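Below is one structure, written out as structure tokens, with a few remarks after it.
Computed from a predicted model, the values in this text were never measured in an experiment.
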Protein chains: 2
Amino acid sequence: MTNIHDIARLSGYSVSTVSRVINHQKYVADEKRAKVEAIMRQLDYVPNRVARDLSNGRTKTVGVVMPYANHPYFARIIDGIVSAAFAAGYKITLLPTNYDMTIERRYLDQLRSKAYDALIFTSRSSSLETLERYRKYGQIVCCEDPGTDRTLAAAYTDREASYVNALRWAQAHGYQKMGVVLSRNNVISASTRVTRSAYQQVYGKLASRDLFVGAVTYEDGYRAGAYFASLNPSVDAIFTNGDDIGAGVYQYYLEHDLTPLPIIGQENLLSSRLCQFSTIDHHLEALGRAAFKLATGQTTTHELIKSEFIRR
Amino acid sequence: MTNIHDIARLSGYSVSTVSRVINHQKYVADEKRAKVEAIMRQLDYVPNRVARDLSNGRTKTVGVVMPYANHPYFARIIDGIVSAAFAAGYKITLLPTNYDMTIERRYLDQLRSKAYDALIFTSRSSSLETLERYRKYGQIVCCEDPGTDRTLAAAYTDREASYVNALRWAQAHGYQKMGVVLSRNNVISASTRVTRSAYQQVYGKLASRDLFVGAVTYEDGYRAGAYFASLNPSVDAIFTNGDDIGAGVYQYYLEHDLTPLPIIGQENLLSSRLCQFSTIDHHLEALGRAAFKLATGQTTTHELIKSEFIRR
DNA sequence: TTAGTTTATGAAACCGGTCCCAGGTCAAGC
DNA sequence: GCTTGACCTGGGACCGGTTTCATAAACTAA
């Protein structure tokens, strides 16, 4: 493989001069520039990316930490990140964790080893303290509100406000007993915390019988539907943590000849449109773009994305 | 930032010895190994990834070329690739093209610059000849059948057979006039070519009035539905290039109080389940995993993934 | 005419690792 | 006693670039 020294030798000029030509710097005589460029073309030469990254001390690569890639929630954020990265000439590396803290730690160590300039956590299992401890090795962005006493960069939606807004809307429409579906009943999960808090504000304390935990997929939603259908007295509407899950609830009622309850979903996916229920669109692409800008220091340390309640 | 030389100096041993400790090689005295490890821990040292990659001449990174990330077709393939890559200790970089050949070329040049060990084309705009020309700079995998005279590595599904199978099934069920929805009427698009060929085998020549071109999203499918509903005499079933598009067709008929036609979709997404139409599952995760294995030379040069017809 | 600036160039240090090779010790086998 | 091979160690070339610095010519302004 031909390298910069070959070009230098064959052109008769120094490595420095060749480097200047490569990087389009000034202070190179026109004739020399032309000759060097000719030889590079002739030898089919392309500068080695890794060597440049080593010398520059940065890779123009941002790692994106997520549990898995095939979930619409993460896919949409990733899409936003990727398009912003493309526009900025950055590369995006996907870092799946399957919610395993050990694996998250591995990626933090890769940040330490300069494999990435920054990390974006679209979800996390590690504590915010842990993330902050790695902050000195590169920018770290999380996709949730880290609270006021935290120093991490963050891009997040106005989840709590949007939940309260949607729940108040339901309440105003006469739905007094709201069931809730959550993914994980985990303190670290921002979504869980925020849902509980919003519910509290509108309906008061969330009774555990009105709560179904462990829903990530459509099938989980279907099981949630079975659960709520079995309740007596029943809830009269259901707040879910995702449209596909809401569609599962809906479908259970439909297939068992029950009148489907009003559902509030999230993410404005096709499923909520097909099943005709309301949803909260968190504008995840915008969230991803904002997160990327934070990662590369193009923005300040916090970015709030407005979400949108879509009534159906 | 502390480097291997600092560790060598502080431990009193040579860089070679430290390197051996880092890489868990033998031929290091136990006491020295222990001391070096202690010092590395004490100084919070992690070897620089980029320097290692440069020295090793490979990055353990595979680039995945795709038009965009937020489409279920690509998202599923990517998911398969990412999980296989994770298992093999490789990193995946996403390379969006928006179907732009110029941008594809840029990624091929990044392969040339050793930024990636291999490239996977989940879709392409460049010709196979172009890809083959870059083959000498690293492994290149495409996700379609390249034909017998091509040398490219490829992972693909038995598209044509599965299409023929699905169409025959429809024919046997009495549907004699099949409408078709395609994304792009482009010679380079394998899916277009194969759909036409399968149609030909079962129904004979595809009349242009029975074809709707330009469908990628649900909305496009909705427009396709409007088109087919306006036809007189009408088609009696519709073959679509994706479940979400099929759902659009279905929804158009539903919203206009027409009896929805039988639809054949693709990818076995939630939408085909919700709308209750048949679909061809191409097992895209498996396709992605196979593509990754080809990219890292764990498999031979071709891999055929069996698809599955799901009758509803 | 002289001092100061801009332009042009190459040598060499540097980024932070890997690894080949030469040199040395030590115990087993003949 | 001598050869052989396994074990251990460090020097230094190498991967392929960027960048600082010293040097010098050409040009500008006073």
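Checking each of B/D117, B/D53, B/T93 against B/T59 for a side chain to side chain donor-acceptor pair (under 3.5 Å) leaves exactly one that passes, namely B/D117. Paired with B/D100 under the rule side chain to side chain donor-acceptor pair (under 3.5 Å), one option of B/T102, B/T97, B/N98 passes, and it is B/T102.
Taking five base pairs at each end of the helix from C/dT1-D/dA30 to C/dC30-D/dG1, the local helix axes there meet at an angle of 30°, rounded to 10°.
Remark: side-chain polar atoms of B/T122 are paired, donor with acceptor, to backbone N or O of B/V65 under 3.5 angstrom.
By the side-chain hydrogen bond (donor to acceptor under 3.5 Å, both in side chains) test, A/Y137 is found to be paired with B/D44, residues two or more places apart in sequence or in another chain being considered.
Contacts between residues 42-55 of chain A and DNA chain D, defined by a heavy-atom separation below 4.0 Å, involve A/Y45, A/V46, A/P47, A/N48, A/A51, A/R52, A/L54, A/S55, listed by number. Residues of residues 19-34 of chain B having a heavy atom closer than 4.0 Å to DNA chain D, listed by number: B/R20, B/K26, B/Y27, B/V28, B/A29, B/K32.
Remark: C1' of C/dT18 and CD1 of B/I4 are 8 Å apart, rounded to the nearest angstrom. Spacing between atom CG of B/N56 and atom C1' of C/dG17 amounts to 8 Å, rounded to whole angstrom units. With rounding to whole Å, B/H5 atom NE2 is found 14 Å from C/dA13 atom P. With rounding to whole Å, A/R9 atom CZ is found 16 Å from C/dG10 atom C1'.
By the 30° and 60° cut-offs, the orientation of the rings of B/H71 relative to B/Y73 is perpendicular.
Close placement of the A/Y90 and A/F292 rings is indicated, their centers lying within 6.0 Å of each other.
With hydrogens and angles ignored, a donor-acceptor pair under 3.5 angstrom links the side chain of A/S16 to the base of C/dA11.
For the residue pair B/N48 and A/R112, no side-chain donor N or O sits within less than 3.5 Å of a side-chain acceptor on the partner. Checking B/E132 against B/T151 by side-chain atom types alone, a donor-acceptor pair falls below 3.5 Å.
Interface limits on DNA chain D: the 5'-most and 3'-most nucleotides within less than 4.0 Å of chain B heavy atoms are D/dC7 to D/dG16.
Salt-bridge formation is not detected for the pair A/R159/A/E144: no Lys NZ or Arg NE/NH1/NH2 atom is positioned less than 4.0 Å from an Asp or Glu carboxylate oxygen.
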Show your reasoning for whether salt bridge (Lys or Arg N to Asp or Glu O under 4.0 Å) applies to A/D109 and A/R106. CA-CA 5 Å; A/D109 282 328; A/R106 195 186 305 168; over 6 Å; no

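Here the closest heavy-atom approach between residue B/S126 and residue B/M101 is recorded as N-CG, 3.8 Å. Among all heavy-atom pairs drawn from A/I305 and A/A290, the shortest one is CD1-CB, 4.0 Å.
Applying the salt bridge (charged side-chain N to carboxylate O under 4.0 Å, His left out) definition to pairs two or more places apart or across chains, those involving residues 64-85 of chain B are B/R76-B/D281, B/R76-B/E285.
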